[in-house]
Protein chains: 4
Amino acid sequence: MKPENTDCTERCPVLETVTRWTRRKDARPGEILDAALDLFVARGFSATKVEDIARAAGVTAGTIYRYYANKEDILKAVIRESLVPTLQEGEQLIAQFDGSGPELLAFVIRTWWQMHGATKLSGIPKLMIAEASNFPELARFHREEVIARGENLIASAIQFGIDRGEFRPVALDVAVKVVVAPVVMAMVWKNTDICPGLDLDHYLEEVIETLIHGLGARPGDKQNGESEA
Amino acid sequence: MKPENTDCTERCPVLETVTRWTRRKDARPGEILDAALDLFVARGFSATKVEDIARAAGVTAGTIYRYYANKEDILKAVIRESLVPTLQEGEQLIAQFDGSGPELLAFVIRTWWQMHGATKLSGIPKLMIAEASNFPELARFHREEVIARGENLIASAIQFGIDRGEFRPVALDVAVKVVVAPVVMAMVWKNTDICPGLDLDHYLEEVIETLIHGLGARPGDKQNGESEA
Amino acid sequence: MKPENTDCTERCPVLETVTRWTRRKDARPGEILDAALDLFVARGFSATKVEDIARAAGVTAGTIYRYYANKEDILKAVIRESLVPTLQEGEQLIAQFDGSGPELLAFVIRTWWQMHGATKLSGIPKLMIAEASNFPELARFHREEVIARGENLIASAIQFGIDRGEFRPVALDVAVKVVVAPVVMAMVWKNTDICPGLDLDHYLEEVIETLIHGLGARPGDKQNGESEA
Amino acid sequence: MKPENTDCTERCPVLETVTRWTRRKDARPGEILDAALDLFVARGFSATKVEDIARAAGVTAGTIYRYYANKEDILKAVIRESLVPTLQEGEQLIAQFDGSGPELLAFVIRTWWQMHGATKLSGIPKLMIAEASNFPELARFHREEVIARGENLIASAIQFGIDRGEFRPVALDVAVKVVVAPVVMAMVWKNTDICPGLDLDHYLEEVIETLIHGLGARPGDKQNGESEA
DNA sequence: TATGAATGAGGCTTCATTCAT
DNA sequence: TATGAATGAAGCCTCATTCAT
């Protein structure tokens, strides 16, 4: 029942000599969230003990309650404060990109992966998949503040390509999911041991290749705005 | 929180005649697994109480321990006895299929969806994603007995298409994942409320369309077994 | 901080031989309330540990939660189920009494004392005094279902005496409290060690004597219903 | 739950000039006790958090431990330093009183009420009732230093009346309790919400009236020291 | 075979108390 | 002297599991 005891107690040794009250209090909440994200992703919400989070953050369980009202609150903070900041960054990067529709789509996917997939934030999709139904408000937040914004970027890229005749005219809402799915799965696999040996970078390049050609305009496609003659 | 008491009789009618893991008549264990699957998928393993499973199965908690040594055992049984039977069926169906590579690939995906995606078995991917790291042996079983076999089918279809020059020559292991990802995500979404309004059938058709063209051979592709001249 | 460890673990030795599942389950709630009343009265609500109640009732803490949702619930049950039954009895006894106003008043007080003061129910006033402000709903219940009914009996007795010219005309609401106060204090003292050597029976007789004469009609009192001439 | 920040300046104006246990100027300990009394009375000892006391006193929790070794110490100080000073005052006032036995008894009761009952000190009886059994030494102190002295005053008054033939010859120890009970109950009610609408001043006057006549000598009473002829 | 009362270990949370600043 | 971050010992409560019936 007890999953292998992943003891995450590797603290910064320098701090050990400094007494416990010297700790930079401003960093506490961040350290706690950091530890919590790791553990929630690795074990799930219920199976993660508050004391584990505390130990991983280098504090006692009691300390956590100075910053978060309860365990659920930690989860909320993890989700709320993790993705949104980098989302803004991503949006800006992408806004500045110049190139064709397919190039833009590839850029969006690669940027997304660099900023989330390649970091520990990649654990959040797994976490949301596991816990969304247990925390509906959190799910709503994630849907509206994270997913919706991320999908907008993808939708724009696709639409851009459609407008330029590079992509065939597809239903945007569905096409967006077709793009999202393989990237999210990559994040899930990265945090899961479901596909141990998979080379995710290779996989992602193949995803990009497949999507771009799969969505590509084909002779006989009705062009947007073109007359049908 | 209580999931609707899924009577589990709305299945693919083809399957009704075939054995299922839920047998009637002295069907206690099956009913328990049935209930357990529902609850594990809806709430996760830790958050599901044995007594809830019992109640949903129409028995009391004590009864469950006549059939399963402990809670983890229930989870194992759910995974072990759920997918494997239908896998065999699927393998047979697909073996009998006659058509081109793209047609075969589409058929594999659609069959997979009908037998699993459209069923409550669609919950298992979500469950495995959430719990794989907590139950490594179970993850191994799932990987070897379910995923590997499923991916074989897909690999065969792709290879078949490559051999016939209908698909471009791709790295099979990666290409398989490119196919798997969007279908698994569909099952996740179906059990998650992460994408509330999504029309999964429409989505899946678009996935098939995109994959087939995305994997499609393109002028200049090196054909398998062809001389390069 | 820890008050002297009053270990209330004197169980019925006969039952010890019988296995723990044999215990008459129907008696459980009663035994728990019994133990809880003792401890709540002796130590107060907060200072009483659920485990103490359990031990005093001969069960484990977990068992208590089969019968009561939480600690507060135990307190509520203690109050609700303790006094009301004997109140009814008392009301009937008193309704049958035949005698003068002073005799009736004395009878009411003595009956009250015999049924509550001399039993462990005498602890409840102390408990309510200590906890009323922490549990307003409970206080309201006690006020409306217990105090109000008890005071009605006293009010009737006083009114009866006034009508017969045996008591002077007093404001009933206030007079009732004048009667109630010394009896309630007797119960408090009985459960408190504040007045160690006090002979409560002697005290009560003196209270009755003092009240009867203190409330007694005096020459020159305006009689109810008499002309003033 | 937060009691109104009783500025504690609405006291019997006579007392204002006299020393009180709340001194200004470096009055930290006094302010802490002030706050503690409020909270202990309102919620009880266990349910009062040290930090609440601190906040109500305008300091932080740590500060409290400069003045008191622990929470129990605060309680002790509250009891020890609260009543004793005003007791002396009361004793002096009463020593100077000139009048009959009944008048003296009425004066004692009214003075007591003015100095304690009408003050926030009125909360102490409730506090002692609730906590006496948890803090036996404190109870002993209260019994010996407060109750005993207070009851002496009352005993003197009664004895004085008996000696003058105004009161019937009663057992002093019991008679004292008969007088004490209704006044203490008034203080309890004042701090309790058990008798919401009660007019305590009216009540007390009726108590005095009833006691004086209830204790009053009656024709045929054996007079103290009188020959029986 | 099924029940459900009971257990007891363990998790979440509170809070009196400490102590470097 | 005052602060407030941090601790750690409990206390409340849950729930997987047992077992007499």
Side-chain angles (χ1 to χ4, degrees), chain A residues 1-2 18-28 46-54 57-74, chain B residues 26 28 46-55 57-74, chain C residues 1-2 18-28 46-54 57-74, chain D residues 26 28 46-55 57-74:
Chain A
M1 188 112 326
K2 208 65 62 50
V18 187
T19 47
R20 60 198 194 200
W21 281 274
T22 318
R23 297 307 244 309
R24 61 267 123 141
K25 65 161 179 181
D26 299 341
R28 271 291 129 71
S46 301
T48 298
K49 289 172 257 180
V50 171
E51 208 190 319
D52 291 339
I53 299 175
V59 297
T60 316
T63 300
I64 289 192
Y65 291 86
R66 293 191 67 75
Y67 301 98
Y68 303 98
N70 51 39
K71 196 178 160 188
E72 186 173 340
D73 234 47
I74 304 174
Chain B
D26 256 71
R28 273 291 126 74
S46 301
T48 298
K49 291 176 243 178
V50 171
E51 210 190 314
D52 290 341
I53 298 175
R55 194 173 18 250
V59 297
T60 46
T63 302
I64 288 191
Y65 288 85
R66 301 215 140 271
Y67 300 98
Y68 303 98
N70 52 38
K71 195 179 162 188
E72 184 173 345
D73 237 46
I74 305 174
Chain C
M1 187 111 326
K2 211 63 65 50
V18 187
T19 47
R20 59 198 195 199
W21 280 275
T22 319
R23 299 304 244 310
R24 59 269 121 139
K25 67 161 179 181
D26 299 340
R28 272 291 130 70
S46 302
T48 299
K49 288 172 260 180
V50 171
E51 209 191 319
D52 291 339
I53 299 176
V59 296
T60 317
T63 301
I64 289 192
Y65 291 87
R66 293 192 67 75
Y67 300 98
Y68 303 97
N70 51 41
K71 197 179 159 188
E72 185 173 340
D73 234 46
I74 305 174
Chain D
D26 257 72
R28 274 292 127 73
S46 301
T48 298
K49 291 176 243 176
V50 171
E51 209 189 315
D52 289 341
I53 299 176
R55 194 171 20 248
V59 297
T60 46
T63 301
I64 288 192
Y65 288 85
R66 301 218 140 269
Y67 299 99
Y68 304 98
N70 52 39
K71 196 180 163 189
E72 185 173 344
D73 237 45
I74 306 175

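Residue numbers begin at 1 in each chain, while the letters A, B, ... track the order of the sequences. Just so it is clear, the values below take in all heavy atoms, side chains as well, and ignore hydrogens, waters and symmetry mates. Every value quoted in this text rests on a predicted model; they were computed, and no experiment measured them.
For the side-chain contact (heavy atoms from CB on, under 4.5 Å) test, residues two or more places apart in sequence or in another chain that qualify with Asp73(C) are Tyr68(C), Ala69(C), Asn70(C), Lys76(C). Under the side-chain contact (heavy atoms from CB on, under 4.5 Å) criterion, Ser46(A) pairs with Ser46(B), Ala47(B), sequence neighbours left out. Qualifying side-chain contact (heavy atoms from CB on, under 4.5 Å) partners for Thr63(B), counting only residues two or more places apart in sequence or in other chains: Val59(B), Thr60(B), Tyr67(B).
Checking dT3(E), dG4(F), dA5(E) against the side-chain heavy atoms of Arg66(A) singles out dG4(F) as nearest. When each of dC15(F), dT17(F), dT17(E) is scored by its nearest atom to the side-chain atoms of Lys49(B), the top-ranked nucleotide is dC15(F). The side chain of Thr63(D) has dT3(F) as its nearest neighbour among dT17(F), dT13(E), dT3(F). Ranking dG4(F), dT1(E), dT7(F) by closeness to the Tyr67(B) side chain, first place goes to dT1(E). Among the nucleotides dT17(E), dA16(F), dT3(F), the one closest to any side-chain atom of Lys71(B) is dA16(F). Closest to the side chain of Val59(D), from the set dT1(E), dT3(F), dC12(E), is dT3(F).
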Based on Watson-Crick and G-U pairs with both distances under 3.5 Å, what dot-bracket line describes DNA chain F 5' to 3', crossing pairs as [ ] and inter-strand pairs as |? .||||||||||||||||||||

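In this structure, CD1 on Ile53(A) lies 5.5 Å from CD1 on Ile64(A), to the nearest 0.5 angstrom.
Spacing between atom CG of Asp52(B) and atom C1' of dA16(F) amounts to 12 Å, rounded to whole angstrom units. Atom pair Ile64(B):CD1 and dC19(F):C1' shows a separation of 17 Å (rounding to whole Å applied). As rounded to whole Å, 8 Å separates atom P of dA16(E) from atom CD1 of Ile53(D). As rounded to whole Å, 12 Å separates atom P of dT7(E) from atom CD of Glu51(C). Atom CZ in Arg55(D) sits about 11 Å away from atom P in dC15(E), given to the nearest Å. Atom pair Glu72(D):CD and dC15(E):P shows a separation of 18 Å (rounding to whole Å applied). Between Asn70(C) atom CG and dG11(F) atom C1' the separation is 14 Å, expressed in whole Å.
If Gly58(B) and Ala69(A) are placed on DNA chain E by their nearest nucleotide, the residue sitting closer to the 5' end is Gly58(B). Sequence order on DNA chain F of the closest nucleotides to Ala61(C) and Ala61(A) puts Ala61(A) first from the 5' end.
Note on Thr48(C): only backbone sugar-phosphate atoms sit closer than 4.0 angstrom, heavy atoms only; bases stay farther off.
Taking only side-chain nitrogens and oxygens, Tyr65(A) never comes nearer than 4.0 Å to OP1 or OP2 of dT14(E).
The minimum heavy-atom distance linking Thr48(C) with Lys71(C) is given by the pair O-NZ, 2.8 Å.
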